[in-house]
Amino acid sequence: MNMPERIVILRLGHRPQRDKRITTHVGLTARAFGAEGMLLASEDKKLSENISDVSARWGGNFYVRNNISWKSEIRKWKEEGGKICHLSMYGINLPDAVPQISQCEKLMVVVGAEKVPFEIYELADWNVAVGNQPHSEVAAVAVTLDRIAASDPLKKDFPGSDLTIVPEKCGKKVIDNRNLI
Ligand code: SAM
């Protein structure tokens, strides 16, 4: 199966006080499931720094770009041949959209917090529901990235990490790679 070579998340409607934790989880989940970065359409420098700190410790090149303009990012992405997948419980159910989405090379996955502007529905190549029931943007991102992946995202490597977990049946085993140098 094919899958997009590049995936970025666009997070809309983030309210720094209220959504701090959930937007952090959107970013960390996107990173863990193979996205290259997250564009945050709000000002929250602290949040982007926190995610960058995690990325620095746990490896890979995930980035967060803070306070971006969603309109110009979507326009640029489309001009460069990218596609837009907006996650909304009102959309086409994900299993029916995966065959098309997995064919594109560059995918922007849009998730909301508060009500998403209707323009997003019109700009999206696909409005996709992860099941047509309300739940969470974190779950929606995880399931979407898992379903469109060609290889298992849970087996992904994160090069250059300070820390590596050694899976254990019971207990917590972590190697500090900085001690190995
Ligand atoms: N009240 C908001 C509205 O009316 O649009 C939605 C709030 S919901 C918790 C926040 C985000 O989670 C949505 O914008 C959407 O991206 C995502 N989401 C929630 N349930 C979803 C579902 N079943 N499928 C896809 N995305 C979903």
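Computed from a predicted model, the values in this text were never measured in an experiment. Both backbone and side-chain heavy atoms feed into the values below; hydrogens, waters and symmetry mates do not. Residues take their numbers from the sequence shown, with the count starting at 1. As the structure lists them, so they are numbered: ligands from 1, and atoms in each ligand from 1.
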Per-atom contacts, ligand 1 versus [X] - under 4.0 Å to a heavy atom:
X: Val128; value: 25 (C)
X: Gly131; value: 22 (C), 23 (N), 24 (N)
X: Val111; value: 16 (O)
X: Ala140; value: 25 (C), 26 (N), 27 (C)

Supply the atom-to-atom distance Asn61 CG to Phe158 CZ, rounded to the nearest 0.5 angstrom.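 With rounding to 0.5 Å, CG (Asn61) is 10.5 Å from CZ (Phe158).
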Looking at CH2 of Trp77 and CG of Leu39, how far apart are the two atoms once the value is rounded to the nearest 0.5 Å?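 Trp77 CH2 to Leu39 CG: 8.0 Å, rounded to 0.5 Å.
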Co-membership, hydrophobic cluster, residues Ile51 and Leu40, 4.5 Å side-chain: yes
Starting from [atom], find the nearest protein heavy-atom neighbour and note its residue, name and distance.
atom: atom 20 (N) of ligand 1; value: His135 N, 3.1 Å
atom: atom 3 (C) of ligand 1; value: Lys115 CA, 4.1 Å
atom: atom 16 (O) of ligand 1; value: Leu87 O, 2.6 Å
atom: atom 23 (N) of ligand 1; value: Gln133 O, 2.6 Å
atom: atom 9 (C) of ligand 1; value: Glu137 OE1, 3.4 Å
atom: atom 6 (C) of ligand 1; value: Ala113 O, 4.0 Å
atom: atom 24 (N) of ligand 1; value: Val130 N, 2.8 Å

For the pair [X] (side chain) and [Y] (backbone), establish whether a donor and an acceptor sit closer than 3.5 Å, ignoring hydrogens and angles.
X: Asn66; Y: Asp44; value: yes
X: Lys83; Y: Pro4; value: no
X: Thr23; Y: His14; value: no
X: Asn2; Y: Ser102; value: no

Taking the basic N atoms (NZ, or NE/NH1/NH2) and the acidic carboxylate oxygens, is any pair closer than 4.0 Å for Asp162 and Arg178?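 Counted as a salt bridge, because a side-chain N and a carboxylate O are separated by less than 4.0 Å.
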Could Glu73 and Lys76 be called an ion pair, given the rule that one side-chain N must be under 4.0 Å from one carboxylate O? yes
Option with minimal heavy-atom separation from atom 14 (O) of ligand 1, where the choices are Gly112, Cys85, Ala129: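 Checking each option, the heavy atom nearest atom 14 (O) of ligand 1 is found in Gly112.
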Going by side chain to side chain donor-acceptor pair (under 3.5 Å), name the pairs with one or both residues in residues 132-153, residues two or more places apart or in two chains.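 Checked against side chain to side chain donor-acceptor pair (under 3.5 Å) - neighbours excluded - the pairs reaching residues 132-153 are Arg11-Glu137.
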Any Leu12 heavy atom less than 4.0 Å from ligand 1: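 It does not; every heavy atom stays at 4.0 Å or beyond.
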I need the contact type for Ser88 against ligand 1. Using non-hydrogen atoms and a strict under-4.0 Å cut-off, is it side chain, backbone, both or neither?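 Ser88 to ligand 1: backbone contact only, side chain stays beyond 4.0 Å.
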Going by the 4.0 angstrom heavy-atom rule, the piece of His86 near ligand 1 is neither
Evaluate the 4.0 Å heavy atom contact test for atom 1 (N) of ligand 1: does a protein atom fall under the cut-off? no
